[in-house]
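Just so you know, ligand 1 is whichever comes first in the structure, and atom 1 is the first atom listed for that ligand. Computation of the quantities below employed the complete heavy-atom set of this structure, encompassing side-chain atoms and omitting hydrogens, waters and symmetry-equivalent molecules.
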Amino acid sequence: MRQIWIDCDPGHDDAMAILTACAHPEKLHILGISTVGGNQTLHKVTQNAKNVLRFIGADIPLAMGQQGPLVKPLNTAPEAHGESGMDGPYFGDGDYPLASENAVVYIYRQIMACPDKVTLVALAPLTNIALLLRTFPEVCGRIDCISMMGGGISHGNCTPLAEFNIYADPEAAHIVFHSGVPIVMSGLDVTEQATVTVAQIGSLQNRGRVSHLAYELLHFYNESGRQFGFTDSPVHDLCAVAWLLAPEIFRGSRRFVDVSTDEGASRGQTFADCRPVPAHPANALVLEGVDRERFSALLLDALARLDRGYHAGG
Ligand code: RIB
Ligand code: CA
């Protein structure tokens, strides 16, 4: 059983990652979920997290983190995720309990109280994670690894060189990559292979209650992905959870990865030292490939489990 904490900015693909994690309580114990400004404002992504957790009847602690990046203003992504940050389904009224403490303090207390090491699952700009590691450096020794969706060695998406989660807060990402905490990096090199097909999305429409929710989310996200040149939309964030559940479907290399915090064209770029003798020891397992069929099957199986009411914290 792996103890995990999920930091996210739902976000259609964040929602798939959360649902898949909730569908495997036999493997993943979710200590809690935190939100951070990213895809949309902190308020909107927190409301989206509440809606997803309420929809499946979860009983998982939820805490709100930072409004935006450490240094620069927040630039949201309505073009990808819509004005709500998770356009598509209508969740209706209803609420979900929210911790009174800021997520950074809440995560710290949860990790230090946990008898086992904790895996951080980072699906958003790394602002909360960076503040956690800097404010409470003693927590680093209690973290098994950070399984993150972020960056890209060969290319970006926000800019030719930078991926959204890193570009949103490069200073935070630099802190995390230089923290000494082991990283499993699901960058665009692997996440753009991690797709669910239009036919697979269609198969969810009338299969069950949670599957239908996923249909509404993925149908919107897939249509939105077309503007960026994708026929089948990558479910980026799900890779960070899928690696925890089925590492064997991925392949990768251990690399030293650094982050550019410059002001120029390279701002937010994650670059790896691929020389035969790199200048620094590896700080990340950089995922480079995934078995798409087995990846998409993991999601569809998780949704089927949730349709049957099998989930964490319920
Ligand atoms: O670049 C993809 C990342 O940006 C994902 O985390 C997605 O949710 C958006 O936040
Ligand atoms: Ca995200």
Please give me the minimum heavy-atom distance between Phe55 and Leu213, naming the atom from each residue. CD2-CD2, 3.5 Å

Just distances here: any N/O of Leu123 and N/O of ligand 1 closer than 3.5 Å? yes

Suppose we call two aromatic rings close when their centres sit under 6.0 Å apart. Are His81 and Phe220 close by that rule? no

Distance from atom 2 (C) of ligand 1 to nearest protein heavy atom, with residue and atom: Glu163 OE2, 3.3 Å

Using a 4.5 Å cut-off on heavy atoms from C-beta on, say whether the side chain of Thr270 contacts that of Val286. no

What do we get for Thr191 next to ligand 1 when only non-hydrogen atoms under 4.0 Å count, side chain, backbone, both or neither? neither

shortest atom 6 (O) of ligand 1-to-protein heavy-atom contact is with Asp237 OD1, 2.6 Å

Give the atoms of ligand 1, by number and element, whose distance to some non-hydrogen atom of Asp13 is under 4.0 Å. 5 (C), 6 (O), 7 (C), 8 (O)

Side-chain ion pair, Lys44 and Glu83, N-O less than 4.0 Å: yes

Where does the angle between the aromatic ring planes of Tyr108 and Phe136 fall among parallel (under 30°), tilted (30 to 60°) and perpendicular (over 60°)? parallel

Atom 4 (O) of ligand 1: closest protein heavy atom, distance to 0.1 Å, is Phe164 CD2, 3.3 Å

Element-labelled atoms of ligand 1 that are located less than 4.0 Å from some non-hydrogen atom of Asp9: 10 (O)

Quick note on ligand 1: atoms under 4.0 Å from a heavy atom of Met149 include exactly 2 (C), 3 (C), 5 (C), 6 (O)

Angle, OD2 of Asp237 through the Ca ion (ligand 2) to OD1 of Asp14 - 10° precision: 70°

What about Asn39: any of its N or O atoms under 3.5 Å from an N or O on ligand 1? yes

In terms of ring plane angle, is the pair Phe230 and His236 parallel, tilted or perpendicular, where the classes change at 30° and 60°? perpendicular

Which residue, Ile153, Leu287, Leu285, forms the side-chain contact (heavy atoms from CB on, under 4.5 Å) with Met185? Ile153

Side-chain touch Asp14/Asp9, heavy atoms, less than 4.5 angstrom: yes

Is the shortest side-chain heavy-atom distance between Val196 and Asp232 below 4.5 Å? no

Under 3.0 Å: N/O/S of Ala17 next to the Ca ion (ligand 2): no

For Asn165 and ligand 1, does the shortest N/O to N/O distance drop below 3.5 Å? yes

Minimum-distance N/O/S atom that Asp9 presents toward the Ca ion (ligand 2): OD1

